[in-house]
Amino acid sequence: MAEDDGGLGPEDSRSGNGRAPEEADHHVALDLEELILGAPRRYTPYQAARTAEVPMELATRFWRAMGFPDIGQSRALNDGDVIALRRLAGLVESGLINESMAIQVARSTGQTTARLAGWQMDTFLENLTQAAEPGLTRAEVAYPLVELLLPELEQFLIYVWRRQLAAVTGRVVQAAEDTEITSGRLAVGFADLVGFTRLSRRLEEEELGSLVETFESTCADLIAGQGGRLIKTLGDEILYVSEDPVTAAEIALSLVETLTDEENIPALRVGMAFGTVTSRMGDVFGTTVNLASRLTSIAQRDAVLIDGEFAVALEQAGAAARGAADGSGSAQAQLADALAAHSGVPLGALGRGANGAAAPRFQLQAMWRRPVRGLGLVEPWLLTRRAESAR
């Protein structure tokens with residue numbers, strides 16, 4: 001707290017000034033907090049709420065929604081906290097948003113920026129403090145480092161946020177109906193590293209971290225470059241979506257092909273489904289998402305499985321053609337016939353795109369129906385590139 005640091009400036013506290021290392025690091029942490037927040041600690045939670053003219057109960061809900069713990073009556077808040085409370089409460093009072101929406105804004109912002117801040121500081125402090133002068137602790141190196149990085153990171157964050165906001169706003173205003181904003185039809189894809197749990201037990205922490213970083217960065221770049229949207233990463237798994245099933249299919253096969261060339265990355269398997277998806281706080285939910293996840297769990301190594309709706313969408317777009325079924329028997333023939341009837345694509349049109357266009361780039365192979373927990377019988381289709389379209 002500001003009144004506990006004995007009037008030390010950054011230079012005094014960073015040097016330790018004769019203090020024990022732990023005490024010196026504590027004061028450096030306080031100096032870093034003040035540097036980043038731009039104001040010293042000044043208020044208890046009650047004082048901050050009263051100064052912002054916000055009920056204490058609402059202020060506490062905002063604070064928790066942003067991801068911060070209860071701090072009792074510690075004098076740990078500053079003028080920036082008061083301004084933030086006042087702004088959120090002002091939005092509610094003006095009628096622009098209701099209290100529930102304000103809580104959602106606080107929660108979504110807190111969750112997103114917490115992960116971002118954690119990743120940035122872990123990365124910067126790990127890589128940029130390794131060459132520190134002998135005898136200096138990480139805390140002592142951190143202050144000048146943050147002082148240099150802070151303004152640049154702040155401006156870049158605002159730039160990226162505005163760019164993302166513009167892209168999302170464009171999608172929202174182009175929605176045909178209000179319901180499409182939160183519940184629209186999307187292609188959903190899960191990509192999962194095979195045998196990751198076993199592999200993680202054998203790798204050192206640094207090796208495991210490098211593997212995950214390579215996997216996530218490769219997938220993120222490929223998904224963004226081809227027009228998909230990365231929803232989240234879960235270590236050994238990613239979730240992405242696209243409004244266009246053809247784009248989603250191309251991304252899935254490109255992921256498998258690209259990661260196959262990475263020597264240290266395990267085999268990949270992908271499951272995709274197409275249908276109605278509920279979007280909330282940057283995440284996606286619903287039966288379509290669950291189905292994509294289940295298809296991933298039953299896919300083979302370096303394989304892409306899709307559901308029947310996805311197969312129909314690809315055929316209707318002229319992007320896929322059916323191949324031989326997996327095995328023989330009337331069940332597979334019936335499944336292929338059902339897809340043809342559903343899609344309205346005549347059997348004679350296979351091998352060329354819609355309206356006689358170029359041959360489809362994807363091949364669909366019907367797999368055996370199988371029960372999937374919570375979803376009943378599922379009709380998976382194996383998605384591959386057609387030989388003449390393969391790279």
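Computed over heavy atoms, backbone and side chain alike; hydrogens, waters and symmetry mates excluded. Not measured: the values here are computed from a predicted model. If you read the sequence from its start, that first residue is 1, and numbering goes on from there.
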Between T233 and R115, is a side-chain hydrogen bond (donor to acceptor under 3.5 Å, both in side chains) present by the stated rule, with each step listed?
-> CA-CA 11 Å; T233 60; R115 185 181 181 193; 2.5 Å; yes

Can you see which heavy atom on F215 is nearest to which on I265, and at what distance?
-> N-CD1, 4.3 Å

Output the distance between atom CG (L150) and atom CG (L145), rounded to the nearest 0.5 Å.
-> 10.5 Å

Test W381 against L305 for side chain to side chain contact (heavy atoms under 4.5 Å, CB included), laying out the working first.
-> CA-CA 5 Å; W381 289 76; L305 286 185; over 6 Å; no

Any ion pair linking R202 and E207 (charged N to carboxylate O, less than 4.0 Å)?
-> no

Exam field: side chain E315 to backbone V312, donor-acceptor pair closer than 3.5 Å = no

State plainly whether the residues R269 and E237 are in salt-bridge range, i.e. N to O under 4.0 Å.
-> no

With rounding to the nearest 0.5 Å, note down the distance linking CG in L58 to CH2 in W63.
-> 14.0 Å

Please assess T247 against Q226 for the test side-chain hydrogen bond (donor to acceptor under 3.5 Å, both in side chains), listing each intermediate value before the final yes or no.
-> CA-CA 7 Å; T247 296; Q226 297 200 27; over 6 Å; no

Does the pair E243/R229 count as a salt bridge with the N-to-O cut at 4.0 Å?
-> yes

Return the minimal non-hydrogen interatomic distance between L203 and L211, and the atom names on each side.
-> CD1-CD1, 4.0 Å

For V92 and A102, work out which heavy atoms get closest and say how close.
-> CG2-CB, 3.7 Å

Is any NZ, NE, NH1 or NH2 atom of the basic residue among R86 and E93 found under 4.0 Å from an Asp or Glu carboxylate oxygen of the other?
-> yes

Reported CE-to-CD1 distance for the pair M367 and I306, which is rounded to 0.5 angstrom | 11.5 Å

Rounded distance [0.5 Å steps], CD in E147 versus CG in L32 | 9.5 Å

Do T384 and Q363 pass the side-chain hydrogen bond (donor to acceptor under 3.5 Å, both in side chains) test, and can you show the C-alpha distance, the side-chain angles, and the key distance before you say yes or no?
-> CA-CA 5 Å; T384 57; Q363 189 84 13; 5.8 Å; no

With side chains defined as the heavy atoms from C-beta onward, is the minimum distance between L364 and L382 less than 4.5 Å?
-> no

Hey, is D70 close enough to R64 for a salt bridge, meaning N to O under 4.0 Å?
-> yes

Do Q104 and S108 have side-chain atoms, one donor and one acceptor, less than 3.5 Å apart?
-> no

Can you tell if the side chain of Y240 reaches within under 4.5 Å of the side chain of M272, non-hydrogen atoms only?
-> yes

Would V146 and L35 count as a side chain to side chain contact (heavy atoms under 4.5 Å, CB included) if you check the C-alpha gap in whole Å, the side-chain angles of each, and the deciding distance to 0.1 Å?
-> CA-CA 8 Å; V146 172; L35 170 67; 4.0 Å; yes

Does S74 use its side chain to pair, donor to acceptor, with the backbone of A76 at less than 3.5 Å?
-> no

Are the side chain of T112 and the backbone N or O of T109 linked by a donor-acceptor pair below 3.5 Å?
-> no

Would you indicate whether the side-chain heavy atoms of L255 and L222 approach each other to under 4.5 Å?
-> yes

Charged N-O contact under 4.0 Å between E257 and R385 = yes

For the side chain of D79 and the backbone of A39, is there at least one donor-acceptor N/O pair under 3.5 Å apart?
-> no

Heavy atoms, side chains only, cut-off 4.5 Å: are L77 and R41 in contact?
-> no

Heavy-atom pair of closest approach, residues L186 and T288 | O-CG2, 4.3 Å

Gap between atom CG of D283 and atom CG of L239 - 0.5 Å precision = 6.5 Å

Supply the atom-to-atom distance T60 OG1 to F68 CZ, rounded to the nearest 0.5 angstrom.
-> 14.0 Å

Main-chain N/O of N78 paired with D81 side-chain donor or acceptor, under 3.5 Å | yes

